[in-house]
Asks: 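This is the structure I want to talk about, given as structure tokens.
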Amino acid sequence: MRLLQLCRLPILGIGLLVLMAIGFTIQLLGTHFQKRLPQTFTLLRPLSSPSTRTCRPKSHIVFLKTHKTAGSTILNMLHRYGDRNSLTFALPQKYQFNYPNLFHVRRVKGYNEVNKPTYDILCHHMRFNLPEVRKLMPADSFYFTILRDPATLAESSFSYYRLVSSAFKKAPNFKAFIAHPSHYYNPGERSNHYAHNLLWFDLGFNPDTPFKETVAKAGARAVEGAFQLVLLSEYFDESMVLLKEELCWDLDDVVTFKLNTREASTPLEKREIDRLRAWNALDWYLYVYFNRTFWERVEHFGRERMDTEVRRLRERRQQLAEICLEGMNPIRADQIKEEGIKPFQFGQDKILGWVVKRDLEPNTRARCVQMVTPELQYKDILDARQFPGGTRSGPSGTSVKLLAS
């Protein structure tokens, strides 16, 4: 009996060693597969179902994309929403609606006066012309735009349009332009709208109208009558919360990564800010006017509720950045190897973009790529879908392919 027990001991020991080895192997494989498992959008499900909504999502939208106001980021949001929901965009023949001329329906690709197509979204660069827009878009369209403090807008505009605006080209540097803008500016010269009351110009008004409060107020009232919502780029997240509420969209619909940002900006002294606001007095009046209406909307929405919604938006952006992006900060275009998401370079400063992780599940990666696709490439994607018949050449001569939905 004792002999039998002694014989069992080595067998038990061997069995124990085998079990330990199997357990250790499983642990190693588990760790390996955990590290290699492609990441997915873990929270892509709608945050509210159609049955629980008290409103209907809006799909007829007019966005006036003003210059140097974070409009490219909003454009990406609209591109993604329309793309995902198979909406029809009113697209320009190229990349803008014959800007800087006033918008006209004949500039919309495929538009026909006899058999008028039905459009859902109008959002690419144009100089606003309300009567023509109303000819094109459904009567229930939601109109919105975005403004920026004209002082910082001028700094960005000088950097971006230095090579095309005659006023900017004449000035030896931005400081010199700030000191004596009227010395370099002549109305009507090539692309000088970028140098004076640019917001006023984009909204369809004459930027060289002498400032009078009655004129400025009439302009502000006209804008207020045309647009249901005017956002502020300095309060971008709060703007997205208000927009989400107005459009009855889900959180993921308005989560964005910054696009078309510059590598650096020139800090402004208070004296320079005051001079730029005075030079762009019509724009400054608009900004002050709609800054007030913006915060009135926030008060109506509820300050505590706004704080909560902004926090949710930022948390979700961080989550998606960790899923999608190689880094938390944008990088220079020459470091981005994927042509479809490489930002177009224009002006004297480098335009930054993003790198999307490679080891993602295919559908997830497609969604991540959509979030960082610059406006020119995305416009080509939409163009190819609405007007099939071949691959279109992008702005830098690169071939533009369709993204997976």
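Predicted model only: the values in this text are computed from it and were never measured.
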Asks: So do the side chains of L87 and Y119 get within less than 4.5 Å of each other, counting heavy atoms only?
Replies: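 They are not in side-chain contact.
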Asks: Strictly by modelled atom types, are T69 and T66 linked by a side-chain donor-acceptor pair under 3.5 Å?
Replies: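 Short answer, yes.
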Asks: Are the side chains of E238 and M306 in contact, using a 4.5 Å heavy-atom criterion?
Replies: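 The answer is yes, as the side chains (C-beta and beyond) meet within the 4.5 Å cut-off.
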Asks: Heavy-atom count check: over 12 atoms from other residues, nucleotides or ligands less than 6.0 Å from K258 NZ?
Replies: no
Asks: Any non-hydrogen side-chain atom of L75 less than 4.5 Å from a side-chain atom of H124?
Replies: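 Yes - at least one pair of side-chain heavy atoms lies under 4.5 Å apart.
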Asks: How close do N192 and A167 get, heavy atom to heavy atom, and via which atoms?
Replies: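 Heavy atoms of N192 and A167 come nearest at OD1-N, 2.8 Å.
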Asks: Heavy atoms, side chains only, cut-off 4.5 Å: are L352 and I331 in contact?
Replies: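 With C-beta onward as the side chain, the pair stays apart.
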Asks: Quick one: do D380 and Q377 satisfy side chain to side chain donor-acceptor pair (under 3.5 Å)? Show the steps, please.
Replies: CA-CA 5 Å; D380 281 338; Q377 287 98 315; over 6 Å; no
Asks: E326: which residues meet the salt bridge (charged side-chain N to carboxylate O under 4.0 Å, His left out) condition with it, sequence neighbours left out?
Replies: none
Asks: Go through the side-chain N and O atoms of Q319 and R316 and say whether any donor and acceptor fall under 3.5 Å apart.
Replies: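 Side chains of Q319 and R316: pair found under 3.5 Å.
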Asks: Using modelled atom types only, decide if a donor and an acceptor are shared between the side chain of K342 and the backbone of I336 within a distance under 3.5 Å.
Replies: yes
Asks: Under 3.5 Å, is there a donor-acceptor pair between the side chain of T73 and the main chain of L259?
Replies: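 Yes; at least one donor-acceptor contact below 3.5 Å.
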Asks: Is the shortest side-chain N to carboxylate O distance from E309 to R312 below 4.0 Å?
Replies: yes
Asks: Check side chain to side chain donor-acceptor pair (under 3.5 Å) between K135 and all other residues, then give those that pass, not counting sequence neighbours.
Replies: E132
Asks: K337 versus V355: any side-chain heavy-atom pair under 4.5 Å?
Replies: no
Asks: Filter on ring pair (Phe, Tyr, Trp, His ring centres under 6.0 Å), then keep only pairs touching residues 353-373, sequence neighbours left out; what's left?
Replies: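 Residue pairs passing ring pair (Phe, Tyr, Trp, His ring centres under 6.0 Å), neighbours aside: F257-W354.
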Asks: Would you confirm whether H196, through its side chain, and W279, through its main-chain N or O, come within 3.5 Å as a donor-acceptor pair?
Replies: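 Answer holds: yes.
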Asks: Would you compute the distance between atom CG of L203 and atom CG of L198 and round it to the nearest 0.5 angstrom?
Replies: 9.5 Å
Asks: Dump the intermediate steps for ring-ring contact (aromatic ring centres under 6.0 Å, His included) on F168 and F177, then the final yes or no.
Replies: CA-CA 7 Å; F168 290 158; F177 180 81; 5.1 Å; yes
Asks: Charged N to carboxylate O under 4.0 angstrom, E338 versus R365?
Replies: yes
Asks: Under 3.5 Å, is there a donor-acceptor pair linking the side chains of D383 and Y378?
Replies: no
Asks: Roughly how far, to the nearest 0.5 Å, is OG1 of T256 from CE of M240?
Replies: 6.5 Å
Asks: With a cut-off of 6.0 Å (strictly less than), are more than 12 heavy atoms of other residues, nucleotides or ligands near CD of E213?
Replies: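 Check fails, neighbour count at 12 or below.
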Asks: Does a side-chain N-to-carboxylate-O contact under 4.0 Å join D283 and R277?
Replies: no
Asks: Rounded to the nearest 0.5 Å, how far does CD1 of I381 lie from CG of L376?
Replies: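 Those atoms lie 11.0 Å apart.
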Asks: Is S72 reaching over with its side chain to a backbone N or O of N260, donor-acceptor style, under 3.5 angstrom?
Replies: no
Asks: Taking S157 for the side chain and L153 for the main chain, is one N or O donor matched with an acceptor at less than 3.5 Å?
Replies: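 No: the side chain of S157 does not pair with the backbone of L153.
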Asks: Can you tell me if K350 uses its side chain to pair, donor with acceptor, with the backbone of A333 under 3.5 Å?
Replies: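 Absent.
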Asks: Taking C-beta and beyond as the side chain, do F142 and L229 meet within less than 4.5 Å on heavy atoms?
Replies: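 Side chain of F142 against side chain of L229, heavy atoms only: contact under 4.5 Å found.
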Asks: Less than 4.0 Å between a side-chain N and a carboxylate O, is that true for R303 and D307?
Replies: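 No salt bridge links D307 with R303.
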Asks: Do the side chain of N85 and the main chain of Y81 share a donor and acceptor less than 3.5 angstrom apart?
Replies: yes
Asks: For the ring pair F290 and F227, is the centre-to-centre distance below 6.0 Å?
Replies: no
Asks: Give the ring-plane orientation class for F201 versus Y99, where under 30° counts as parallel, over 60° as perpendicular and anything between as tilted.
Replies: perpendicular
Asks: Minimum heavy-atom separation for M371 to V255, with atom names?
Replies: CE-O, 3.5 Å
Asks: In Å, rounded to the nearest 0.5 Å, how long is the span from OG1 of T118 to NZ of K116?
Replies: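 Spacing of OG1 (T118) from NZ (K116) equals 10.5 Å.
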Asks: Between R148 and T152, is any side-chain donor less than 3.5 angstrom from a side-chain acceptor?
Replies: yes
Asks: First locate atom CD of E322, then atom NZ of K357, and finally report the distance between them rounded to the nearest 0.5 Å.
Replies: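 Reported to 0.5 Å precision, the distance equals 7.5 Å.
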Asks: Taking the side chain as C-beta and beyond, is there a heavy-atom pair between L268 and L276 under 4.5 Å?
Replies: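 When only atoms from C-beta onward are counted, L276 and L268 do touch, with a gap below 4.5 Å.
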Asks: Do side-chain atoms of N173 reach the backbone of K175 as a donor and acceptor pair under 3.5 angstrom?
Replies: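 Between the backbone of K175 and the side chain of N173 there is a qualifying donor-acceptor contact (under 3.5 Å).
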Asks: Inspect the surroundings of CD in E296 and state if more than 12 heavy atoms from other residues, nucleotides or ligands are less than 6.0 Å away.
Replies: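 More than 12 heavy atoms, drawn from other residues, nucleotides or ligands, come within 6.0 Å of this atom.
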Asks: Any ion pair linking K379 and E375 (charged N to carboxylate O, less than 4.0 Å)?
Replies: no
Asks: Could you verify whether a donor N or O on one side chain and an acceptor N or O on the other, from E189 and Y184, lie under 3.5 Å apart?
Replies: no
Asks: Are the side chain of S165 and the backbone N or O of Y161 linked by a donor-acceptor pair below 3.5 Å?
Replies: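 Not confirmed, S165 side chain does not pair with Y161 backbone.
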Asks: Mind checking whether Y285 and Y289 have parallel, tilted or perpendicular rings, split at 30° and 60°?
Replies: parallel
Asks: Do the rings of H67 and Y194 sit parallel, tilted or perpendicular, given the 30° and 60° boundaries?
Replies: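 Taking Y194 first and then H67, their aromatic rings stand perpendicular (interplane angle over 60°).
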Asks: So do the side chains of F294 and N291 get within less than 4.5 Å of each other, counting heavy atoms only?
Replies: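 Of all side-chain heavy-atom pairs linking N291 with F294, none is under 4.5 Å.
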Asks: Indicate whether the side chain of D120 and that of S59 have a donor and an acceptor atom separated by less than 3.5 Å.
Replies: no
Asks: One thing to verify: whether E155 and K68 come together as a salt bridge, which I'm taking to mean a side-chain N less than 4.0 angstrom from a carboxylate O.
Replies: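 E155 and K68: not salt-bridged.
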Asks: State whether the side chain of Q96 and the backbone N or O of H125 hold a donor-acceptor pair below 3.5 Å, judged by distance alone.
Replies: no
Asks: Without hydrogens or angle criteria, can the side chains of N76 and R80 be said to hold a donor-acceptor pair below 3.5 Å?
Replies: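 Yes, side-chain donor-acceptor contact under 3.5 Å.
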Asks: Charged N to carboxylate O below 4.0 Å: is that the case for R367 and E361?
Replies: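 Salt bridge flag = no for E361 with R367.
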Asks: Calculate, to the nearest 0.5 Å, the distance between atoms CE and CG belonging to M126 and N101 respectively.
Replies: 14.0 Å
Asks: Is the number of heavy atoms from other residues, nucleotides or ligands within 6.0 Å of NZ (K217) greater than 12?
Replies: no
Asks: Would you call R127 and D202 a salt bridge, taking side-chain N to carboxylate O under 4.0 Å as the test?
Replies: no
Asks: With under 30° as parallel and over 60° as perpendicular, where do the rings of F205 and W200 fit, or are they tilted in between?
Replies: tilted
